[in-house]
Amino acid sequence: MADTSDTTTTTAPLASEESGRNENRSTTPGSEGFKAFIGSGWAARDETLPSARGQAAFAAARRERVSAAFTGVRLIVPAGDMKQRSNDTDYPYRAHSAFAHLTGWGSDSEPGAVLVLEPNGDGHTATVYFRERAGRDSEEFYANPAIGEFWIGARPSLAHVAADLAIETRGIEDFEHLVRSVDTATIVLREADPAITEQVDHARIRFAAEEALSTNATDAPFSLEVNAEHEPDAELARVVSELRLVKDEYEIAEMRAAIDATQRGFTEVLEELPRITAEVRGERVIEGVFATRARLDGNDVGYDSIAAAGPHATILHWTRNDGPVVPGDLVLLDAGVERDSYYTADITRTFPVSGTFSEVQRQVYEAVLEAADAAFAVVKPGAIFRDVHAAAMEVIARKTAEWGFLPVSAEESLQPDNQFHRRYMVHGTSHHLGLDVHDCAQARRSMYMDGVQEPGMIFTIEPGLYFQPDDLTVPAEFRGIGVRIEDDILVTADGAENLSAGIPRTADEVEAWVRGGVTA
């Protein structure tokens, strides 16, 4: 990596810039002659404007729905800024999901950008504010490692983004002026960018104070503390979250593509099993092979991959991935490719390293598969979302009772006050999926867990059984076995489609897959 300390930042810094982290090591020339030389002699830019991207029309329709829910109110939805990893290096940038959903910008999003919906009659005018590229005669071009094109490559113009997203654009300095006009009715998506949220809070308080000074204080608009909870802001978070519960045509196509890429990644992992088992940290090889596919076919992995071999498969969110992969053990691989649009798959397959399940491993695997199939059978328009989990739990309770692991019968264990079978599966069976791996998380319970399934919804079905290595409630031969099977499900007009059904699921299919007999 180039030494970013060898710079002098002379423009107004962003939160993601060095802000003096390495000024004591800078050697960038400051002479007028150097500035004139490096700022000249460049070929003309290609200013051809692109056609609007395919998602632009869908994003516009989403904004219209948000607009209808907040008539006459200014809405501020930031993309968020870069986040520091160490000193002068940042984590890979990812815009906030609500911003991505309402603009369609995806992985091309500019750090620090802001979407503003300004009231206009019965609707809103949408504008994206961002820091436009600097001219090549500007010191920012060569001396700013955070945003200078000399350092990070080509950046878009306001006109380019306006054409690309089919939306009005303005420079970020105009947003700074807009914030000064914020009133107490303005609403901000609080979690997206803490710095902007604080600006808005201060502006709302200032507006309320000025109103109180000019009128009777008892009649003044409400005010709030900086960084305090604010119900109108929370309502915006709920609305933009619930907006994603039902996917549109573009989103469903992106989810299919993400699942196809994930399928390729899983198969490539199996092709590398000889190298995986030869390494002391074989789980890291699994993680790396899949990550390569994610970067080739998309933006990145949609979440930290779980590559859990042997007893690590009993740890629900094992992401250290630093253990060996040993023949005779199972590997639980929970991973998903995130597209450049940010839509991500979330799939889990559990497979025997040697290509053959042991008798007990197969017994556990087939119980989990039965639970998954039972859950899938209840998916259809009009069904209640939580019934998916209930169907899977009936199988898990019955199987663990049959095996003698429960202190009561399956029927008794299923009673709300008991739930003993949940010792072996403490997580839920399903969650919505889309831009976030756990999508729509701020939706109301009445819309999510107690919500009615509708065509266009996409969610996971992922039952499992996990027998910890030191769990004395199960026989020794079960200890250290963890199995999860996870598929991505689309609710259709007359039922459901398992979008990931093409990835081997049955025990026989998985064994053949590992041995190379099935090309997924």
Side-chain angles (χ1 to χ4, degrees), residues 14-16 48-67 75-83 90-118 124-133 146-147 149 152-172 174-175 178 188-189 191-193 196 236-237 240-241 243-244 247-255 257-258 295 297-300 302 337-344 434-437 439:
L14 292 174
S16 58
T48 304
L49 297 181
S51 300
R53 61 177 59 193
Q55 192 176 176
F58 293 95
R62 299 164 196 157
R63 292 194 297 271
E64 288 180 3
R65 292 177 62 188
V66 174
S67 174
L75 307 176
I76 298 176
V77 182
D81 209 344
M82 300 286 287
K83 293 179 174 59
D90 297 311
Y91 287 102
Y93 180 69
R94 187 189 190 281
H96 191 277
S97 293
F99 177 89
H101 193 235
L102 295 175
T103 64
W105 213 353
S107 62
D108 295 323
S109 299
E110 284 286 313
V114 187
L115 169 67
V116 175
L117 298 182
E118 191 71 23
H124 288 77
T125 297
T127 304
V128 170
Y129 297 80
F130 70 96
R131 185 164 178 169
E132 187 179 20
R133 69 188 184 199
I147 58 174
E149 290 184 290
I152 66 170
R155 293 184 59 236
S157 67
L158 292 174
H160 180 102
V161 174
D164 184 18
L165 303 182
I167 195 170
E168 184 178 336
T169 58
R170 292 184 184 174
I172 196 66
D174 288 341
F175 176 73
L178 179 145
V188 63
L189 191 66
E191 70 173 13
D193 191 318
I196 288 177
L236 175 60
V240 296
S241 192
L243 181 63
R244 305 206 301 268
K247 272 57 180 178
D248 58 38
E249 177 185 341
Y250 176 88
E251 294 175 291
I252 293 171
E254 286 296 291
M255 291 299 296
R295 291 290 283 167
D297 282 0
N299 179 54
D300 208 333
V337 172
E338 176 187 86
R339 297 272 290 170
D340 287 314
S341 60
Y342 289 164
Y343 290 89
T344 184
L435 282 170
D436 291 337
V437 65
D439 209 22

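Atom set for the values below is all heavy atoms of this structure, side chains included, hydrogens, waters and symmetry mates excluded.
To the nearest 0.5 Å, the span separating CD on E338 from CG on D436 amounts to 9.0 Å. Going from atom CZ of F175 over to atom CD1 of I76 covers 4.5 Å, rounded to the nearest 0.5 Å. Here the straight-line distance linking atom CH2 of W105 with atom CD1 of I167 works out to 9.5 Å at 0.5 Å rounding. Between the NE2 atom in H101 and the CG atom in D248 there is a gap of 6.0 Å [rounded to 0.5 Å]. Between the OG atom in S341 and the CD atom in E251 there is a gap of 9.0 Å [rounded to 0.5 Å]. Of the inter-residue distances, the one linking T103 atom OG1 with R63 atom CZ reads 7.5 Å to the nearest 0.5 angstrom.
Contact detail for L158 and F130: the closest heavy-atom pair is CD2-CE2, 3.5 Å. Across every non-hydrogen atom of E110 and R131, the tightest pair is OE1-O, 4.3 Å. Here the closest non-hydrogen pair linking P78 and A192 is O-CB, 3.3 Å. In this structure, V240 and L189 approach most closely via the heavy-atom pair CG2-CD1, 4.1 Å. Looking at every heavy atom in both residues, G106 comes nearest to A100 through N-CB, 4.5 Å. Contact between R244 and L435 at its shortest, heavy atoms only, is CD-CD1, 3.7 Å.
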- Task: Check the pair D300, R295 against side chain to side chain contact (heavy atoms under 4.5 Å, CB included), reporting the backbone distance first and the verdict last.
- Result: CA-CA 5 Å; D300 208 333; R295 291 290 283 167; 4.2 Å; yes
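Within the 4.5 Å cutoff, side-chain heavy atoms of L243 are placed close to those of L102. K247 has its side chain out of reach of E254: every pair of non-hydrogen atoms, C-beta onward, lies at least 4.5 Å apart. Between H160 and P50 the shortest side-chain heavy-atom distance falls below 4.5 Å. E118 places none of its side-chain heavy atoms less than 4.5 Å from the side chain of T127.
Residues that satisfy the ring-ring contact (aromatic ring centres under 6.0 Å, His included) test with Y342, not counting sequence neighbours, are absent from this structure.
Sorted by first and then second residue, the salt bridge (charged side-chain N to carboxylate O under 4.0 Å, His left out) pairs involving residues 158-169 (not counting sequence neighbours) are R53-D164, E168-R170.
Using cut-offs of 30° and 60° for the angle between ring planes, the Y343 and Y250 rings count as perpendicular.
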